[in-house]
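Here's the structure we're looking at; comments come further down.
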Amino acid sequence: GLAYRLVPAKPKDEASKWLINIYQKDNNTDDEYQKMMNKFVFDSKKGVYFDEENRRHVLNLRNAYAEAAGSMADEGNKQDALKLLEKAETLISAEKMPYAMTSRGNTHNVNGLAYLEACYKAGNMQLAQTVKGALKKDLEQQKKYYDYMRAERPDLFIGFDGREGEAARNEYFLQLFGELIKKYEPETVKPTTEGPVNITNPAGPDSVHKKDSGKNP
């Protein structure tokens with residue numbers, strides 16, 4: 001399955017309710033809630049530094065809480081969804097583990113987009129604004145960098161170019177970011193006379209569109 005897409009899944013699938021669709025299974029939300037709230041222990045506030053490999057694993061933890069919270073919200077249980085997000089915030093320090101960050105394949109930011117959607121689903125608009133701001137800043141900074149390299153250093157930009165390149169990925173995620181805002185905060189989107197945007201999922205190395213068990217896409 002695709003790691004992130006705008007094409008709806010089958011109507012009966014939980015995954016179809018997500019715009020940022022990195023979750024490909026139905027969930028036993030009651031069991032997830034009990035284990036995540038009462039059994040799971042993790043701490044990231046004791047001066048720890050997460051290198052690239054460990055960031056991948058911590059993103060999986062944040063994703064687990066996002067998936068459970070979003071699923072519970074879809075079931076109409078926003079109260080427990082909010083509690084799951086609050087627990088995630090106490091376990092994973094945003095200072096040590098940012099909501100948005102440049103990474104190989106921009107996988108950190110696609111996970112950030114899924115976390116943002118979970119915040120929207122649960123109705124935690126304060127956290128959503130924080131996550132949204134972090135994503136907007138990082139994605140736009142990346143765009144400025146790639147635009148500069150394209151114009152001023154084409155000899156180096158070749159390393160980021162092409163349908164599978166980092167520049168194309170970043171453009172795609174910026175479009176996904178905009179689609180999220182339009183879906184969950186339509187009142188903030190300025191009207192436009194432009195037609196609908198066709199978003200094409202860029203191919204990528206190492207099957208970036210596929211989500212394997214236990215690893216980020």
Side-chain angles (χ1 to χ4, degrees), residues 1-7 15 18-24 49-64 66-67 92 94-120 128 130-184 194 196-217:
L2 297 181
Y4 29 81
R5 60 187 178 189
L6 293 181
V7 180
W18 293 80
L19 181 64
I20 310 300
N21 191 3
I22 66 174
Y23 308 122
Q24 301 295 319
Y49 167 74
F50 297 118
D51 61 14
E52 181 181 8
E53 179 63 18
N54 281 292
R55 284 198 296 272
R56 291 197 314 106
H57 296 300
V58 181
L59 281 174
N60 280 333
L61 300 181
R62 184 177 277 163
N63 270 337
E67 180 178 9
I92 304 171
E95 180 182 354
K96 305 297 182 184
M97 186 65 182
Y99 300 118
M101 175 182 275
T102 303
S103 64
R104 183 176 54 183
N106 233 340
T107 54
H108 194 118
N109 283 343
V110 78
N111 285 285
L113 289 169
Y115 194 66
L116 173 59
E117 185 166 16
C119 295
Y120 281 135
T130 300
V131 178
K132 182 177 78 170
L135 284 164
K136 184 176 187 294
K137 180 180 179 180
D138 190 72
L139 291 170
E140 289 183 349
Q141 284 181 342
Q142 286 192 54
K143 177 176 172 54
K144 289 180 180 179
Y145 173 76
Y146 295 130
D147 287 348
Y148 169 81
M149 295 292 284
R150 182 186 289 110
E152 303 295 334
R153 295 300 307 270
D155 55 321
L156 298 179
F157 178 72
I158 192 172
F160 306 113
D161 199 7
R163 185 170 179 266
E164 299 182 3
E166 295 288 353
R169 292 177 191 275
N170 192 65
E171 291 290 342
Y172 175 65
F173 293 142
L174 271 169
Q175 292 180 74
L176 284 179
F177 177 76
E179 291 298 316
L180 265 183
I181 306 307
K182 283 194 286 186
K183 180 176 180 179
Y184 293 100
E194 297 179 359
V197 176
N198 294 321
I199 299 180
T200 303
N201 205 1
D206 303 323
S207 300
V208 70
H209 303 306
K210 296 182 179 180
K211 180 175 185 292
D212 54 36
S213 59
K215 292 185 178 181
N216 288 329

Step-by-step side-chain hydrogen bond (donor to acceptor under 3.5 Å, both in side chains) determination, Gln142 to Asp138: CA-CA 6 Å; Gln142 286 192 54; Asp138 190 72; 2.8 Å; yes
Under the side-chain contact (heavy atoms from CB on, under 4.5 Å) rule, what do Phe173 and Ile20 come out as? Steps first, then yes or no, please. CA-CA 10 Å; Phe173 293 142; Ile20 310 300; over 6 Å; no
With salt bridge (charged side-chain N to carboxylate O under 4.0 Å, His left out) as the criterion, how do Glu179 and Lys182 come out once you've worked through the C-alpha distance, each side chain's angles and the decisive distance to 0.1 Å? CA-CA 5 Å; Glu179 291 298 316; Lys182 283 194 286 186; 3.0 Å; yes
Candidate pair Lys132 and Phe177, rule side-chain contact (heavy atoms from CB on, under 4.5 Å), full reasoning: CA-CA 8 Å; Lys132 182 177 78 170; Phe177 177 76; 3.4 Å; yes
Checking His108 against Met97 for the side-chain contact (heavy atoms from CB on, under 4.5 Å) test, could you report, in this order, the C-alpha distance in whole Å, the side-chain angles of both residues, the deciding distance, and whether it holds? CA-CA 10 Å; His108 194 118; Met97 186 65 182; 3.7 Å; yes
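Remark: side-chain polar atoms of Arg150 are not paired, donor with acceptor, to backbone N or O of Ala167 under 3.5 angstrom. Here the side chain of Asn109 pairs no donor or acceptor atom with the backbone of Thr102 at under 3.5 angstrom. Between the side chain of Glu117 and the backbone N or O of Leu19 there is at least one donor-acceptor pair closer than 3.5 Å.
Note: Met101 CE to Arg55 CZ = 4.5 Å, rounded to the nearest 0.5 Å. Going from atom CG of Asn63 over to atom CG of Asn111 covers 4.0 Å, rounded to the nearest 0.5 Å. With rounding to the nearest 0.5 angstrom, the CG atom of Leu113 is 6.5 Å from the CG atom of Leu139.
With sequence neighbours excluded, the residues forming a side chain to side chain contact (heavy atoms under 4.5 Å, CB included) with Glu53 are Asp51, Arg56, His57, listed by chain and number. Partners of Tyr145 by ring-ring contact (aromatic ring centres under 6.0 Å, His included), not counting sequence neighbours, listed by chain and number: Phe160.
Few gaps surround NZ on Lys96; more than 12 heavy atoms of other groups in view lie less than 6.0 Å from it. Annotation: Ile158, atom CD1; neighbour count of heavy atoms from other residues, nucleotides and ligands within 6.0 Å does not exceed 12.
Considering Lys143, Lys137, Lys144 as possible partners of Gln141, the one that fulfils the side chain to side chain contact (heavy atoms under 4.5 Å, CB included) test is Lys137.
What you find for Ile22 and Ala114 is that their closest heavy atoms are CD1-CB, 3.7 Å. Summarising the geometry of Ala118 relative to Ala66, their closest heavy-atom pair is CB-O, 3.5 Å, with the distance given to 0.1 Å. Here the closest heavy-atom approach between residue Ala168 and residue Gly162 is recorded as CB-O, 3.5 Å.
Looking at Tyr120 and Ile181, their side chains come closer than 4.5 Å, going by heavy atoms from C-beta outward.
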